[in-house]
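Here is the structure we will look at.
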Protein chains: 2
Amino acid sequence: MGKLTTTSYVVLGMIAMRGPSTSYDLKRAVNHSVGYFWPFPHAQLYSEPKRLGELGLLDLEVESEGRRRQTYTITYEGRDALSAWLAEPTTEQLQVRDVAELKLFFGEFAQPEDVLNLAREQILQHQDRIEVYESMQARFSERDEVADRMVPLQLGLELEYAALKFWRKLEKERSSQ
Amino acid sequence: MGKLTTTSYVVLGMIAMRGPSTSYDLKRAVNHSVGYFWPFPHAQLYSEPKRLGELGLLDLEVESEGRRRQTYTITYEGRDALSAWLAEPTTEQLQVRDVAELKLFFGEFAQPEDVLNLAREQILQHQDRIEVYESMQARFSERDEVADRMVPLQLGLELEYAALKFWRKLEKERSSQ
DNA sequence: GATCCGATCGTCTGATTCATACGGTCTGGT
DNA sequence: ACCAGACCGTATGAATCAGACGATCGGATC
């Protein structure tokens, strides 16, 4: 009932980081940062802060002019909850979900050229994503001194590199046959 | 209504690979292979084959002796559906979900030693997982000639290596301060 | 300043997925 | 015969999901 999910902590953390924020602010901020290793639908950025408000972890001030809109601020209790969570041992495993790998796993039932196409698609996709990560890094390092925020992006990037390298190798092997 | 999800194709693929299988067979097979890059709750391995049966993609034979149990076999239609899916372009992105990265992202709100502990935890977890992957690979290469099945495990392994290397580096940096 | 349009913003919905508890069933040991 | 512990299947309410929809805004145009 009053239980906090990982997504709750994303909300708390983002508001702690950014200062007072609206749901839409969060939505945009999440999109090109934390959304890359903790995806969830944006609708939760409207329902979750409301819940956290009721729990006393966020304060809210309504700007009633025009579009109804709430600005959320983190409370001391909110900060406490956040740092308590950060101090807890982390039991959850890194979780990967990738239909491309899946298709490769069942590759024996595909036409060889389908597997090859798959590899080529994946190469392009990973290249794109690497670009995104790198521009994100550039943006962060320009105007941000907090290294911790950049570091997970670094891991995301390395995972992308590993995947890219992998599919490239596969493409090479398959196309030379 | 009659739409197939990615999980449907996991079921189809597994039965195509293994031959006639019960839900429990699938559960065990999925656990230490495909479950690593397409996780889902095991209950779906009971409901989903039933649905696929109704769609004509699986045949089922009931062994009524003792425990009620169904053995599923893939039909020609099932194989067609599977290879059609394999031939489709893959739009879904590689998806990573990792609360450890999340905690690091919000690391500025944690005690420095909490971040260090996090890194140490992660190192152990990734080492464990690497062991699991390697023993899986060994098992596969012993008794299996189909290289495609091994290859995604290879990617999983590389992602784990990247993560391990990353956390090790972090641990080193932080512990020397 | 009236109108229009595309971008911005928030809410709602039903469907799917989820974790996990629970109840049966089997095996082997005493 | 009984028990204990593994094995197997189902059921349930809660959480999550995608994405359609509606409302609101800013500013371009006349």
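Throughout, protein chains are lettered first and strands after them, A, B, ... in sequence-line order, and every chain is numbered starting at 1.
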### Message
Closest approach to the side chain of B:Q44, judged atom by atom: which nucleotide of D:dA18, C:dT17, D:dG9 is it?
### Response
C:dT17

### Message
In whole Å, I'd like the distance from the CG atom of A:L4 to the C1' atom of D:dA14.
### Response
16 Å

### Query
To the nearest angstrom, how far is B:R97 atom CZ from D:dC17 atom C1'?
10 Å

### Message
Could you check whether any side-chain N or O of A:N31 sits under 3.5 Å from a backbone N or O of A:R28, counting only pairs where one atom can act as donor and the other as acceptor?
### Response
no

### Query
What integer distance in Å separates B:L45:CG from C:dT16:P?
18 Å

### Task
Would you kindly give the CD-to-C1' distance between B:Q95 and C:dT17, to the nearest whole Å?
13 Å

### Task
Report which part of the nucleic acid B:T5 touches: base, sugar-phosphate, or nothing (heavy-atom distance under 4.0 Å, all strands).
sugar-phosphate

### Query
What nucleotide, of C:dT17, C:dT11, D:dG9, holds the atom closest to the side chain of A:Y46?
C:dT11

### Task
Say whether A:E48 and A:S8, considering side chains only, have a donor N or O and an acceptor N or O under 3.5 Å apart.
yes

### Message
Side chains of B:T6 and B:W38 only: does a donor on one sit below 3.5 Å from an acceptor on the other?
### Response
no

#### Entry: Whole-Å gap separating C1' (C:dG10) and CZ (A:R28)
15 Å

### Query
In terms of the nearest nucleotide of DNA chain D, which residue is placed more toward the 5' end: B:K50 or A:T6?
B:K50

### Summary
Testing C:dC12, C:dA19, C:dG10 for proximity to the side chain of A:A43, the answer is C:dC12

### Message
Measure NZ/A:K27 against C1'/C:dT8 and give the value in whole Å, please.
### Response
8 Å

### Task
On DNA chain D, check which nucleotide each of B:H42 and A:F40 is closest to and give me the residue with the more 5' one.
B:H42

### Query
Atom NZ of B:K3 and atom P of D:dA18: how far apart are they, to the nearest Å?
16 Å

#### Entry: Residue pair B:Q70 / B:E61, side-chain donor-acceptor N/O under 3.5 Å
no

